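Here's the structure we're looking at; comments come further down.
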2 protein chains.
Amino acid sequence: MALEHAILVSLLEKPGSGYELARRFERSIGYFWTASHQQIYRVLKRMENDGWVDVRDVPQQGRPDKKEYRVADLGRAALSSWLHDPIEPESVRHDLAVKIRGAAFDDPTALIREVERHRQAHRDRLAHYLAGEARDFTGPEANAAGPQAPLDAERELQHVVLRGGIAYERMMIDWLDGVLATLARFGPAR
Amino acid sequence: MALEHAILVSLLEKPGSGYELARRFERSIGYFWTASHQQIYRVLKRMENDGWVDVRDVPQQGRPDKKEYRVADLGRAALSSWLHDPIEPESVRHDLAVKIRGAAFDDPTALIREVERHRQAHRDRLAHYLAGEARDFTGPEANAAGPQAPLDAERELQHVVLRGGIAYERMMIDWLDGVLATLARFGPAR
DNA sequence: TGAGTCATGTAACCAGTTACATGATTAC
DNA sequence: GTAATCATGTAACTGGTTACATGACTCA
């Protein structure tokens, strides 16, 4: 539903190729929206047909040529109209929670490893986000622009979204600690 | 992917009809997995064909007859095998975050109402979860079973999952407060 | 008599995933 | 030579959403 819009936002932040978009969806944008390159190429083609984006062939030396996409007026209008359209607060889909409740009907301790793995993944992501925040928003280079640009909407909004990611990972780590404490109580004594 | 498994867990907790499952997916299970009745009926039929669940016609008075499903041995085995299969830490998909970053290319203040609506939805859900927790886990009736059943895995695991929902809603409310503070700075002064 | 709840479904469509496919260049 | 990266795609499948459809009973 919103992949088009996520692509529009990403291309407005910086024009690029399908391949570059796919990489961004593994990183910054990917913190809150994922997409495979297959999906991106398909949607990009549709967006091109609909006049939402313009393409330009960019010859490169030492690597294959690429197609650089940038947002057209129709795309900007489509984004704007979506932004003004209310969306439903999203419903969560959390496999791990299903597993945790399901563990009651199996061996709960068998889940410990799995939960630890997930906790580690969230720790890794947290570290990654914090590094990004230090680099782009609170580090010395981040202030290169100086305090004379305090109302750069793009940066501020990127930062507040990143802070959301940080808060989410912290919450998950704490929660998984709690899950592990619960699972441990069904532990060896069983 | 895991709808089958969510249904198995729900039916193990308590057998019921497709309709009842659909209602549960609007409440308790729905906190971490949603499904429409159309989807449930379709999957339920497949699960029946695969021998994962057994059906029993239950005549009712004053209301239409229903089909009561309960988990069969094959279903229990399928759940167990899924529980032992590692899953990837899930990737988030958060429309609102796309909108917030997109707001930089439109009027950021137009998003304030939308964010407030979402914050209210999360407040409502939090209140709902807290009421459920008081009722089922920390209230006086919850202790009716007494301290002699301190290791009821089903209850403990349901509770820890609910605590996850509570932590999630609290985190979202705090974050959305931060988002609103940021949006307000691009406010009337603009 | 009309709205609301209980109850079960079909059909069409759309979005997302997985598998397959190609080909150039760079670095070891 | 071979693995990794850059770059772009097609095809088949699966899962989820939306729209449509029916029918009995209850309560105001």
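Everything quoted here is computed from the prediction, not taken from an experiment. We use all heavy atoms of the structure for the numbers below, so side chains are in, but hydrogens, waters and symmetry mates are not. Proteins get letters first, then strands, A, B, ... in listed order; numbering begins at 1 in each.
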(message) Do the side chains of A:Glu116 and A:Arg113 get close enough for a salt bridge, i.e. N-O under 4.0 angstrom?
(response)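 No.
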(request) Check whether the side chains of A:Asp95 and B:His5 place a donor and an acceptor atom closer than 3.5 Å, and report yes or no. (result)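 No - no donor-acceptor pair under 3.5 Å links their side chains.
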(request) Would you tell me whether A:Arg155 and A:His159 have side-chain atoms, one donor and one acceptor, within less than 3.5 Å of each other? (result)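 The answer is no; no qualifying pair exists.
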(request) Quick one: sort the B:His122 and B:His118 rings into parallel, tilted or perpendicular, breaks at 30° and 60°. (result)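 Tilted, since the angle between the ring planes falls between 30° and 60°.
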What is the distance, to the nearest angstrom, from the [atom1] atom on [X] to the [atom2] atom on [N]?
| X | N | atom1 | atom2 | value |
| --- | --- | --- | --- | --- |
| A:Leu44 | D:dA7 | CG | P | 14 Å |
| B:Ile40 | C:dC6 | CD1 | C1' | 15 Å |
| B:His5 | D:dT14 | NE2 | P | 15 Å |
| B:Glu90 | C:dT17 | CD | P | 13 Å |
| B:Glu48 | C:dG9 | CD | C1' | 13 Å |
| A:Asp57 | D:dG9 | CG | P | 10 Å |
| B:Trp33 | D:dT17 | CH2 | C1' | 15 Å |
| A:Leu21 | D:dA7 | CG | P | 12 Å |

Minimum-distance nucleotide to [X] side chain [options: [options]]:
| X | options | answer |
| --- | --- | --- |
| B:Leu3 | D:dG16, D:dA7, C:dA7 | D:dG16 |
| A:Arg93 | C:dT17, D:dG16, D:dG9 | D:dG16 |
| B:Arg46 | D:dT10, D:dG15, D:dT8 | D:dG15 |

Between [atom1] on residue [X] and [atom2] on residue [Y], distance to nearest 0.5 Å:
| X | Y | atom1 | atom2 | value |
| --- | --- | --- | --- | --- |
| B:Thr182 | B:Leu176 | OG1 | CG | 11.0 Å |
| B:Glu154 | A:Phe105 | CD | CZ | 4.0 Å |
| A:Ile100 | A:Glu114 | CD1 | CD | 9.5 Å |

(request) Under 4.0 Å from any atom of DNA chain C, heavy atoms only: list the residues of residues 7-20 of chain B that qualify, in numerical order. (result)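 Heavy-atom contacts with DNA chain C come from B:Ser17, B:Gly18, B:Tyr19.
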Show me the donor-acceptor pairs within less than 3.5 Å that the side chains of residues 7-27 of chain A make with the rest of the protein, sequence neighbours left out.
residue: A:Ser10; atom: OG; partner: A:Arg24; partner atom: NH1; Å: 2.9
residue: A:Glu13; atom: OE1; partner: A:Gln158; partner atom: NE2; Å: 3.4
residue: A:Glu13; atom: OE1; partner: B:Arg101; partner atom: NH2; Å: 2.7
residue: A:Glu13; atom: OE2; partner: A:Gln158; partner atom: NE2; Å: 3.2
residue: A:Glu13; atom: OE2; partner: B:Arg101; partner atom: NE; Å: 3.1
residue: A:Ser17; atom: OG; partner: A:Tyr19; partner atom: N; Å: 3.4
residue: A:Ser17; atom: OG; partner: A:Glu20; partner atom: N; Å: 3.1
residue: A:Glu20; atom: OE1; partner: A:Ser17; partner atom: N; Å: 2.9
residue: A:Glu20; atom: OE2; partner: A:Lys66; partner atom: NZ; Å: 2.7
residue: A:Arg24; atom: NH1; partner: A:Ser10; partner atom: O; Å: 2.9
residue: A:Arg24; atom: NH1; partner: A:Lys14; partner atom: O; Å: 2.8
residue: A:Arg24; atom: NH2; partner: A:Lys14; partner atom: O; Å: 3.0
residue: A:Arg24; atom: NH2; partner: A:Pro15; partner atom: O; Å: 3.4

Pairs of donor and acceptor atoms involving the side chains of residues 48-62 of chain A, under 3.5 Å and at least two apart or interchain, shall be tabulated with distances.
residue: A:Asn49; atom: ND2; partner: A:Lys45; partner atom: O; Å: 3.4
residue: A:Arg56; atom: NH2; partner: A:Glu68; partner atom: OE1; Å: 3.1
residue: A:Gln60; atom: NE2; partner: A:Pro64; partner atom: O; Å: 2.7

(message) Measuring to OP1 and OP2 of C:dA7, would you say a side-chain N or O of B:Gln60 lies under 4.0 angstrom away?
(response)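 The answer is yes; a side-chain N or O of B:Gln60 sits under 4.0 Å from OP1 or OP2.
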(message) So, does B:Lys67 get its side chain near the phosphate of C:dG9, meaning an N or O under 4.0 Å from OP1 or OP2?
(response)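 Result: yes.
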(request) List the steps and the verdict of side chain to side chain contact (heavy atoms under 4.5 Å, CB included) for B:His128 and B:Tyr31. (result) CA-CA 11 Å; B:His128 187 225; B:Tyr31 302 158; 3.2 Å; yes
(request) Is it possible for you to say whether A:Val43 and A:Tyr69 belong to one hydrophobic cluster, with membership spreading through side-chain heavy-atom contacts below 4.5 Å? (result)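 A:Val43 clusters together with A:Tyr69.
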(request) To the nearest 10°, let me know how far the axis at one end of the helix from C:dT1-D:dA28 to C:dC28-D:dG1 is tilted from the axis at the other, five pairs an end. (result)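 Overall, the helix from C:dT1-D:dA28 to C:dC28-D:dG1 bends by 30° from one end axis to the other.
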(request) Any chance you could list the contact pattern along nucleotides 18-28 of chain D? Use B for base contacts, S for sugar-phosphate-only contacts and - for none, protein heavy atoms under 4.0 Å, 5' to 3'. (result) BBB--B-SS--
(request) List in chain and number order the residues that pass salt bridge (charged side-chain N to carboxylate O under 4.0 Å, His left out) with A:Arg119, two or more places apart in sequence or in another chain; answer none if no residue qualifies. (result)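 For A:Arg119, the residues satisfying salt bridge (charged side-chain N to carboxylate O under 4.0 Å, His left out) (neighbours in sequence not counted) are A:Asp177.
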(message) With nearest nucleotide decided by heavy atoms, which residue, B:Tyr69 or B:Arg23, maps closer to the 5′ end of DNA chain C?
(response)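 So the residue in question is B:Arg23.
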